Amino acid sequence: MLDIKFIRENKDLVKKGVTDKQFDPSIVDEVLKVDEERKKLQLEVEELRSERNKVAKAGKPQPSEASRGKEIKENLKKLEPEFDKVDTKFLELLNQIPNLPLPNVPVGKNESENVEIKKVGEIRKLNFTPKDHLELGTKLGILDFETGAKVTGSQFYFLYGDGALLELALVQYAMELLSKEGFLPVITPDLAKSRFYLGTGYAPKGVEAQTYIVEGEDLGLIATAEVTLAGKHADEVIPENELPKKYIGYSHCFRQEAGAYGKYSKGMYRVHQFTKAEMFIYCKPEESEAMHQHILEMEEKIYQNLGLPYRVLEICTGDLGAMAARKYDIEAWMPGRNDYGEVTSTSNCTDYQARNLNIKYRKKDGKIEFVHMLNGTAIATSRTPLAILENYQNEDGSVTIPEVLRKWMGKEKVEKRNK
RNA sequence: GGUGAGGUCGCAUAGCGGACUAGUGCAGCGGUCUUGAAAACCGCCGUAGUCUUUUAAGGCUACCGUGGGUUCGAAUCCCACCCUCACCGCCA
């Protein structure tokens with residue numbers, strides 16, 4: 001959420017940001033209106049409580065005071081629920097105001113106005129018609145959606161042999177590279193309490209649209225390790241000298257993806273479960289822009305080393321979503337669709353998530369302030385293997401393994417298995 | 001899953017209905033002393049919200065695992081839940 005004080009004092013600025021994000025700016029006026037109501041009620045409640053405390057402090061049973069005390073109690077019994085109701089409504093509305101875009105973010109209505117900031121790598125010219133990853137993987141016997149559908153449901157898959165090894169190799173590659181860059185490798189739980197899968201904004205509006213929820217418990221399957229890594233420091237005050245904290249988290253990710261079908265969702269591009277190595281950084285406000293560039297650099301390094309052609313997009317205001325103040329996506333070339341497709345996304349959420357989760361840091365001078373929080377994909381297995389299969393395919397249907405992964409795969413090429 | 005013990009201010013502890021405006025110790029910050037340091041001594045030292053106010057400062061409210069309840073008054077009593085520790089059971 002945003003700081004209500006900031007909203008009170010910068011109404012027009014907030015409205016502009018909200019408008020640029022393609023949210024309805026009237027929400028800002030609504031919040032301020034309910035805020036006034038809330039403050040009024042709060043004052044009444046606090047005055048009553050103050051009197052109650054005085055009466056109580058006067059000591060023993062004095063008959064007249066006791067009856068006044070009873071009266072106050074009755075009044076509070078009516079007023080407090082009223083305040084709670086308004087307060088709840090206030091928070092609900094406040095949470096609907098998205099994070100504001102940073103000043104240099106390109107203004108645009110939707111994804112069509114995202115800005116391509118660079119293109120890297122050369123697209124291989126093939127002298128044969130490329131197959132898509134689904135056909136390649138299925139024929140190689142390493143990818144099996146049919147059994148996934150049988151056992152679990154549509155858009156789930158089994159990996160066999162080199163398919164399984166490729167996923168593990170990618171994760172190990174990313175973990176090794178990033179731990180050398182000062183990121184702490186973390187394996188997190190794959191489930192989290194609702195406070196965290198909601199508090200990180202993964203389901204702020206459509207709520208259950210993305211998240212699988214465990215019946216009878218306050219638990220859901222995480223959509224990304226961002227949820228657990230952000231929850232890790234909830235309600236903490238981090239000493240300044242421990243910042244920045246850099247994590248590379250490993251988890252499985254679960255998304256319902258309700259209604260998300262279509263030709264671009266084919267095969268591994270959009271699935272209900274995948275594995276991901278996710279970078280996550282907590283830092284001081286003044287260094288968050290630099291940290292964001294740092295994450296993007298790491299992502300580029302990974303895709304360069306994997307030898308995958310890609311482009312970098314700066315996401316425009318209208319496509320940022322609620323949490324991000326700035327966002328970059330990397331799209332890798334995917335011959336199967338003859339187009340680029342998203343493989344990573346890195347967001348600077350500034351202090352928006354930190355305010356939801358109450359994560360602060362103590363400065364050297366003793367002052368306490370909210371941290372900035374950033375996240376970025378290192379490897380999303382399903383989409384990265386997809387890009388590898390399609391870009392490294394040979395005419396005979398075999399797939400050459402990228403050099404950096406060979407030490408974990410123990411071979412240079414994936415070929416058809418008999419069994 | 002069962003039984004028992006426990007969750008109090010950064011840490012450690014006290015607290016068993018009205019002297020709690022949550023005490024004490026440690027750590028931290030400032031000072032005196034010292035060539036410097038240590039020690040000793042003195043002072044300061046939670047978070048959030050809100051009101052008065054230009055600021056500064058002060059007042060008020062809430063917070064003793066979480067949520068309810070009893071009472072004029074709850075850290076303290078009652079109920080439910082969560083977590084930690086120990087032992088037992090069950091399992092990779």
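Note on naming: letters A, B, ... go to the chains in the order of the sequence lines (proteins, then strands), and numbering restarts at 1 for each one. The structure displayed is predicted, hence computed values, not measured ones.
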* To do: May I have the distance from A:Asn241 (atom CG) to B:G28 (atom P), rounded to whole angstrom?
  => 14 Å
* **Counterpart base for B:A74, defined by Watson-Crick or G-U wobble contacts under 3.5 Å** => none
* To do: Return the nucleotide paired to B:G46: Watson-Crick means purine N1 to pyrimidine N3 with N6-O4 or O6-N4, wobble means G-U with N1-O2 and O6-N3, both under 3.5 Å.
  => B:C63
* Taking atom C1' in both B:C82 and B:A48, compute the distance separating them and give it to the nearest angstrom. => 23 Å
* To do: State plainly whether the residues A:Asp12 and A:Lys15 are in salt-bridge range, i.e. N to O under 4.0 Å.
  => no
* Asked: Pick the nucleotide of RNA chain B nearest each of A:Lys360 and A:Lys39; which residue has the one closer to the 5' end?
  -> A:Lys360
* Partner nucleotide, any strand, of B:U53 [Watson-Crick/G-U, under 3.5 Å] -> none
* Of A:Lys193 and A:Asp3, whose nearest nucleotide on RNA chain B comes first from the 5' end? -> A:Asp3
* Give one of base, sugar-phosphate or nothing for A:Lys5, where a contact means two heavy atoms less than 4.0 Å apart. => sugar-phosphate
* **Separation between the P atoms of B:G67 and B:U76, rounded to whole Å** => 13 Å
* Using purine N1 to pyrimidine N3 plus N6-O4 or O6-N4 for Watson-Crick, or N1-O2 and O6-N3 for G-U wobble, each under 3.5 Å, what pairs with B:U24? -> B:A12
* For A:Leu41 and B:C51, give me the distance from atom CG to atom P, rounded to whole Å. => 13 Å
* Base-pairing assignment for B:G1 (Watson-Crick or G-U wobble, both under 3.5 Å) -> B:C88
* Asked: B:G49 P sits how many Å from A:Asp84 CG, rounded?
  -> 18 Å
* Can A:Glu30 and A:Gln96 be said to form a side chain to side chain donor-acceptor pair (under 3.5 Å), step by step? -> CA-CA 11 Å; A:Glu30 267 185 77; A:Gln96 283 174 37; over 6 Å; no
* **Counterpart base for B:C41, defined by Watson-Crick or G-U wobble contacts under 3.5 Å** => B:G31
* Under 30°, 30 to 60°, or over 60°: which ring-plane class applies to A:His252 and A:Tyr250, parallel, tilted or perpendicular? -> perpendicular
* Please work out which of the three classes, parallel, tilted or perpendicular, describes the rings of A:Tyr282 and A:Tyr247, given edges at 30° and 60°. => perpendicular
* To do: Please measure how far the P atom in B:A37 lies from the corresponding atom in B:G31, and state the result in whole Å.
  => 11 Å
* Within this structure, what is the CZ-to-P distance between A:Arg355 and B:A48, rounded to whole angstrom? -> 12 Å
* Asked: When all nucleic acid strands are considered with a 4.0 Å heavy-atom cut-off, which category describes A:Arg8: base, sugar-phosphate, or nothing?
  -> sugar-phosphate
* Below 6.0 angstrom between ring centroids: does that apply to A:His292 and A:Tyr328? -> yes
* Span that lies between the P atom of B:U50 and that of B:A39, in whole angstrom -> 42 Å
* Asked: Atom CZ of A:Phe370 and atom P of B:A48: how far apart are they, to the nearest Å?
  -> 8 Å
* Rounded to whole angstrom, note down the C1' distance from B:A57 over to B:A74. => 33 Å
* In whole angstrom, give me the gap between the C1' atoms of B:C64 and B:G6. => 14 Å
* Looking only at atom P, what distance separates B:C72 and B:U13, rounded to whole Å? -> 37 Å
* Does A:Thr400 use its side chain to pair, donor to acceptor, with the backbone of A:Lys413 at less than 3.5 Å? -> no
* **Protein-nucleotide distance (A:Asp235, atom CG; B:A48, atom C1'), rounded to Å** => 12 Å
* Would you call the rings of A:His272 and A:Phe156 parallel, tilted or perpendicular if under 30° counts as parallel and over 60° as perpendicular? -> tilted
Please produce a list of atom pairs where a protein N or O lies less than 3.5 Å from an N or O of nucleotides 54-64 of chain B.
unit_1, atom_1, unit_2, atom_2, d
B:C60, O3', A:Ser50, OG, 3.2
B:U61, OP1, A:Asn53, ND2, 3.0
B:U61, O2', A:Arg49, NE, 3.4
B:A62, OP1, A:Arg52, NH2, 2.8
B:A62, OP2, A:Asn53, ND2, 3.4

* **Spacing of the P atoms in B:C16 and B:C29 (rounded, Å)** => 34 Å
* Asked: Between A:Glu36 (CD) and B:U50 (P), how many Å, whole number?
  -> 11 Å
* Nearest heavy-atom pair of A:Thr350 and A:Ala325: which atoms, and what distance? -> CG2-CB, 3.7 Å
* So, for A:His294 and A:Phe183, is the gap between ring centers shorter than 6.0 Å? -> yes
* Structure fact -> Between CZ of A:Arg195 and C1' of B:C82 the distance, given in whole Å, is 14 Å
